[in-house]
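Worksheet: one structure, shown below.
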Amino acid sequence: MSLDLPEFQELDVTKVAERKAAMAFAELRRPVMVDDSGLVIAAWNGLPGALVSWFLDSVGNVGLIRMMAGWPDRSAQVVTAIGYCDEGGTQVFVGTVEGKIAPEEAGSNGFGYDPIFIPGGHDQTFAQLSDDEKDAISMRRRALDKARSALKL
Ligand SMILES: O=P(O)(O)OP(=O)(O)OP(=O)(O)OC[C@H]1O[C@@H](n2cnc3c(O)ncnc32)[C@H](O)[C@@H]1O
């Protein structure tokens with residue numbers, strides 16, 4: 001079932017996931033799980049964070065790379081927060097991958113910011129890795145592993 005929830009103007013994916021989960025539970029009155037993901041650029045004090053889809057919709061990956069010109073520190077994190085809510089309350093499980101913004105777009109796998117994010121320990125973007133390679137190290141995998149073990153799924 002699909003549920004349209006309001007978007008929160010908030011940088012922190014953890015807070016967005018927590019509010020989304022609570023709101024979805026209030027609506028559906030049954031256990032819910034939501035996902036919110038973001039791109040956290042260190043030199044920009046965390047921008048765009050959870051607002052990344054606004055950046056991608058307006059300037060795209062290429063625009064984002066251009067906006068990084070003049071910022072020598074290209075380090076960034078990709079973060080997924082999984083929010084879970086049931087009668088007992090809300091819990092959030094966060095997965096993070098440290099890396100950096102690529103000098104140019106590369107690769108055609110994946111979606112979103114995959115072509116411009118190079119995970120630490122690699123010299124290729126997420127979009128140059130196979131689906132299996134990305135899934136093995138992704139922020140979403142890390143968040144889901146935490147959720148699985150905490151919720152005993
Ligand atoms: O809340 P908004 O910002 O409207 O977006 P959304 O709910 O539709 O989507 P997400 O939080 O899951 O993701 C925010 C943006 O991050 C991108 N994104 C999410 N997961 C990603 C991944 O694994 N690799 C690359 N980009 C990703 C996605 O394309 C969106 O533009």
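None of these values were measured; they are calculated from a predicted model. Counting convention: from 1, in listed order, for ligands and their atoms alike.
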* Subset of ligand 1 atoms that lie under 4.0 Å from at least one heavy atom of Asp35 -> 12 (O)
* Asked: Would Ser75 and Asp73 count as having a side-chain donor-acceptor pair, cut-off 3.5 Å?
  -> yes
* To do: Could you tell me whether the side chain of Asn61 and the main chain of Gly112 form a donor-acceptor pair under 3.5 Å?
  => yes
* To do: Of the side chain and backbone of Ala50, name the one, both, or neither that has a heavy atom under 4.0 Å from an atom of ligand 1.
  => backbone
* Asked: If you count the atoms of ligand 1 from 1 in the order shown, which ones are under 4.0 Å from a heavy atom of Arg140?
  -> 19 (C), 20 (N), 21 (C), 23 (O)
* Heavy atom under 4.0 Å from ligand 1: found in Arg141's side chain, backbone, both, or neither? -> neither
* **Option passing salt bridge (charged side-chain N to carboxylate O under 4.0 Å, His left out) with Lys20 (candidates Asp35, Asp4, Asp36)** => Asp36
* **Check: Ala136 main-chain N/O paired with Arg141 side-chain donor or acceptor under 3.5 Å** => no
* Show which atoms of ligand 1 fall inside a sub-4.0 Å distance from at least one heavy-atom site of Lys134. => 22 (C), 23 (O), 24 (N)
* Gln77 side-chain N/O to Val79 backbone N/O, donor-acceptor pair under 3.5 Å -> no
* **Sidechain-backbone polar pair: Asp114 side chain, Phe111 backbone, donor-acceptor under 3.5 Å** => yes
* Judged by non-hydrogen atoms, does Lys20 sit under 4.0 Å from ligand 1? -> yes
* Structure fact -> In ligand 1, the atoms that come under 4.0 Å of a heavy atom of Leu56 are 31 (O)
* Asked: Looking at Asp114, which atoms of ligand 1 are within less than 4.0 Å of one of its heavy atoms?
  -> 22 (C), 24 (N), 25 (C)
* Asked: Any idea which part of Trp54 is under 4.0 Å from ligand 1, heavy-atom wise: side chain, backbone, both or neither?
  -> neither
* How does Asp36 reach ligand 1, by side chain, by backbone, by both or by neither, if only non-hydrogen atoms under 4.0 Å count? -> both
* To do: May I ask you to list the atoms of ligand 1 that are less than 4.0 angstrom from any heavy atom of Val52?
  => 14 (C), 15 (C), 16 (O)
* Asked: For atom NZ of Lys134, is the number of surrounding heavy atoms from other residues, nucleotides or ligands below 6.0 Å larger than 12?
  -> yes
* Count the heavy atoms belonging to other residues, nucleotides or ligands that lie under 6.0 Å from CD of Glu87, then report whether that count exceeds 12. => yes
